[in-house]
Amino acid sequence: AQSVTQLGSHVSVSEGALVLLRCNYSSSVPPYLFWYVQYPNQGLQLLLKYTTGATLVKGINGFEAEFKKSETSFHLTKPSAHMSDAAEYFCAVSVPNGSGNTGKLIFGQGTTLQVKP
Amino acid sequence: DSGVTQTPKHLITATGQRVTLRCSPRSGDLSVYWYQQSLDQGLQFLIQYYNGEERAKGNILERFSAQQFPDLHSELNLSSLELGDSALYFCASSVLSSGSPLHFGNGTRLTVT
């Protein structure tokens, strides 16, 4: 069964500093990986996804993530934090197409990012 | 705007009651997913429908049920409500192709008093 672990339920950075949100996954087959962001009182918005190919993927709002199979990780980074980045971030995994593929996502517990001025 | 519409936005009801949450997927998406988000459990997958048929079941209580109609909208029915059912319920939709992301609505916040 697939699972996702996000290290750190709260991360605080200063505006302009590097953002690093950690995600490790467990899957018996190469997974598809996603990062979503949730702003207060809103739904989840897709930041980026990894399916196959290039292991460094770029997303919206200057975020990127790197798939590292050997470390079973998919950490999210942004070189310079902005106040508007304050939100909750979720890492998610799904299993690629097969006879039982449903496309459902298994989410981590989320990481709240605080950006200090 | 994700294109997924959920109604109502807020729902306040008493224990023991029954409510129905509604979801309209993005145009062209055949698959609908329901998730429950609470502080202690996080985002939990409840159930998935694809083109009117149940496709996958997660941690959905027997008091909860769902269906997807021919026009592809979906409803989540919650009955015999308990205080612990208070949560944010999200609907998401996708095209269900390899690697396709889920597109989420803004959720229905259910408060059981």
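Proteins come first, then strands; the chains are lettered A, B, ... in the order of their sequence lines, and each starts at number 1. Note that the structure is a prediction, hence the values are computed from the model and not measured. Note that these values count all heavy atoms, side chains included, but never hydrogens, waters or copies made by symmetry.
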Side chain / backbone / both / neither for B/Asp1 at chain A, heavy atoms under 4.5 Å: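 Nothing of B/Asp1, per the 4.5 Å heavy-atom cut-off to chain A.
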
Heavy-atom proximity to chain A below 4.5 Å, by part of B/Tyr35: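 For B/Tyr35, the contact with chain A is made by the side chain alone.
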
Whether over 12 other heavy atoms sit under 6.0 Å from A/Asn41 CG: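 No, not enclosed.
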
CD1 (A/Ile60) with more than 12 external heavy atoms under 6.0 Å: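 More than 12 heavy atoms, drawn from other residues, nucleotides or ligands, come within 6.0 Å of this atom.
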
If every non-hydrogen atom of [X] is compared with every non-hydrogen atom of [Y], which pair is closest and at what distance?
X	Y	answer
B/Leu102	A/Tyr36	O-OH, 2.7 Å
A/Gln38	B/Phe90	NE2-CZ, 3.3 Å
A/Gly43	B/Asn106	N-OD1, 3.2 Å
B/Ser100	A/Phe34	O-CZ, 4.2 Å
B/Pro101	A/Lys49	CD-NZ, 3.8 Å

State yes or no: do [X] and [Y] share one hydrophobic cluster built from I, L, V, M, F, W and Y residues joined by side-chain heavy-atom distances below 4.5 Å, directly or via other members?
X	Y	result
B/Leu46	B/Leu81	yes
A/Tyr25	A/Leu20	no
A/Met83	A/Val11	yes
A/Trp35	A/Val93	yes
A/Tyr39	A/Val13	yes

Side chain, backbone, both or neither of A/Tyr50 within contact of chain B (heavy atoms, under 4.5 Å):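 Answer is neither: A/Tyr50 stays 4.5 Å or more from chain B.
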
Region of A/Leu44 that comes under 4.5 Å of a non-hydrogen atom in chain B: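 Both backbone and side chain of A/Leu44 come within 4.5 Å of chain B.
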
Winner by heavy-atom pair count (cut-off under 4.5 Å) against chain A, out of B/Lys9, B/Gln37, B/Arg109, B/Gln44: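 It is B/Gln37.
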
Contact leader toward chain A among B/Tyr50, B/Phe45, B/Phe104, where contacts are heavy-atom pairs under 4.5 Å: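 Maximum pair count with chain A is reached by B/Phe104.
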
